[in-house]
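Naming: A, B, ... by sequence-line order, numbering from 1 per chain.
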2 protein chains.
Amino acid sequence: MDTALDRAVRVFRERGYHATSIGDLTAAMRLATGSIYKAFRDKHAVFLAAFERYTALRQEQTRSAAGRGRNGRERIRNVLLSYVAQSQGREGRRGCLVVGSAVELSAVDPAVAARVGAQLKTNEDFIAGLIREGQADGSIPIHVAADDTARLMICITQGLRVVGKARLPLDGDRLVGVAMKLLA
Amino acid sequence: MDTALDRAVRVFRERGYHATSIGDLTAAMRLATGSIYKAFRDKHAVFLAAFERYTALRQEQTRSAAGRGRNGRERIRNVLLSYVAQSQGREGRRGCLVVGSAVELSAVDPAVAARVGAQLKTNEDFIAGLIREGQADGSIPIHVAADDTARLMICITQGLRVVGKARLPLDGDRLVGVAMKLLA
DNA sequence: GATAATAGGGAATGGTTGTTTCCTAATAAA
DNA sequence: TTTATTAGGAAACAACCATTCCCTATTATC
């Protein structure tokens, strides 16, 4: 069932919610119409489940990228580099479910809006935490405004997904090199 | 006819392409079905026309914001502030057609993808130009990498629209204050 | 003033959508 | 082995979609 959900995630990422028909889902999930409706109340429920699976997976990836840094500054650099990598090439064209949901649904779908908002807040808090870590371990100056900088970095990461979907090439080292000035 | 297009822009921004039905368009544009199809080949053509009208209007606003600065650095600050303002409140929730098109359509619609790419490139070139202006007038250090910084700023502006659509509050002065570090 | 041409409106249409229903095959319980 | 229960699949259904067609005013032309 989880592998079917993974396939649903993929279709929703590529096409978005409205452009994905139940027919697309049956083909992608390799489940018949009736089977999908036995497992989920409706298309919306499939989407919500896919959304949650996607965010759980992505969160894991981000934490793991952060884990590969020796101090706060390096952890943030790795997180940003990981975002650029995710936003590029085929994976980038596939898109981000959080960004897609925010743009396509959060204005008209309260359930989705709540989840999108929560996810952004979680990510922002995580980055703010890393900044404070860096200030504690001496790798980031204390005068850096943790919350504002974290929010701006969220904008950068979300913007990367938009730009990546539009197929603009992204050079991770150079882009992140510039972005790290925010921690000066 | 242009005022009808403006109304179409509004609906497409709020709901996106797929979730906007011809019925929605007739209601918004105050035109009957037949009239729309007499003026445009199909729904896709309406969208393309709306997209072009939107980008023309936005471009004008951005140039005008830049015009209110006395040197390169101030022009960029004003452009960023204008983006934050546009991404906030009701206008922010209404969303950006460029971001929306990039996320919802550019993967499956070459015509839209080309327009989105061109628009992003135009904006990026504009910002890069402002950076070079600033370097010429002495308000921005010469060691700033104009192209990389411009691309990162595009990510910030596009990300602002995503975050704004998700209803997160944005403090223009503080956010832009942090972002201006990129020009240090 | 009569006629041609056109802009606009609304009903009809074929296709597609999300959802339900019913049937079949497999598994678990007795 | 037989029965109860469940997971999965395909066809049926009503609602809605984008699009076409045809009709009615209105404008422009002669």
Would Lys43(A) count as a cation-pi partner of Tyr17(A), with NZ or CZ less than 6.0 Å from the six-membered ring centre and within 45° of the ring normal? yes
Looking at Asp147(A) and Arg132(A), is any side-chain nitrogen of the basic one under 4.0 Å from a carboxylate oxygen of the acidic one? yes
What pairs with Phe12(A) under ring pair (Phe, Tyr, Trp, His ring centres under 6.0 Å), at least two apart in sequence or on another chain? Phe47(A)
One should read off an interatomic distance between Thr55(B) OG1 and Asn123(B) CG, to the nearest 0.5 angstrom, of 9.0 Å
Over how many whole Å does the gap from Leu31(A) atom CG to dG8(D) atom C1' extend? 8 Å
Consider only side-chain N and O atoms of Gln158(B) and Gln158(A), and report whether a donor and an acceptor are under 3.5 Å apart. no
Less than 4.0 Å between a side-chain N and a carboxylate O, is that true for Arg13(B) and Glu91(B)? yes
Between Gly34(A) and Ser21(B), which has a closest nucleotide on DNA chain D that is more 5'? Gly34(A)
What's the CD1-C1' distance between Ile22(A) and dC16(D), to the nearest Å? 15 Å
Could I get the full list of side-chain contact (heavy atoms from CB on, under 4.5 Å) partners for Asn78(A), not counting sequence neighbours? Arg68(A), Leu81(A)
Kindly indicate whether a cation-pi arrangement holds for Arg161(A) with Tyr83(A), taking the cut-offs as under 6.0 Å to the six-membered ring centre and within 45° of the axis. no
If you compare every side-chain N and O of Thr33(A) against the phosphate oxygens of dA10(D) (OP1, OP2), does one of them come in below 4.0 Å? no
Angle between the end axes of the helix from dG1(C)-dC30(D) to dA30(C)-dT1(D), five pairs per end, to the nearest 10 degrees? 0°
Could you list by number each residue of residues 36-49 of chain B showing a heavy-atom separation from DNA chain C of less than 4.0 Å, or answer none if no residue does? Lys38(B)
note: Leu25(A), atom CG; dG9(D), atom P; distance rounded to Å ~ 14 Å
Output all residues satisfying ring pair (Phe, Tyr, Trp, His ring centres under 6.0 Å) with Tyr54(A), sequence neighbours left out; order by chain, then residue number. none
For dA7(D) and Ser35(A) - does any side-chain N or O of the residue sit under 4.0 Å from the phosphate oxygens OP1/OP2? no
Would you classify Thr20(A) as touching base, sugar-phosphate or nothing, given that sugar-phosphate means primed atoms plus P, OP1 and OP2, and contacts are heavy atoms under 4.0 Å? sugar-phosphate
Identify whether the distance between the nearest side-chain nitrogen and carboxylate oxygen of Glu124(A) and Lys121(A) falls below 4.0 Å. no
Using whole Å, what does the distance between atom P of nucleotide dG8(C) and atom CE of Met29(B) come to? 11 Å
Show the distances under 3.5 angstrom between N or O atoms of the protein and N or O atoms of nucleotides 25-28 of chain C.
none

Without hydrogens or angle criteria, can the side chains of Ser21(B) and Asp24(B) be said to hold a donor-acceptor pair below 3.5 Å? yes
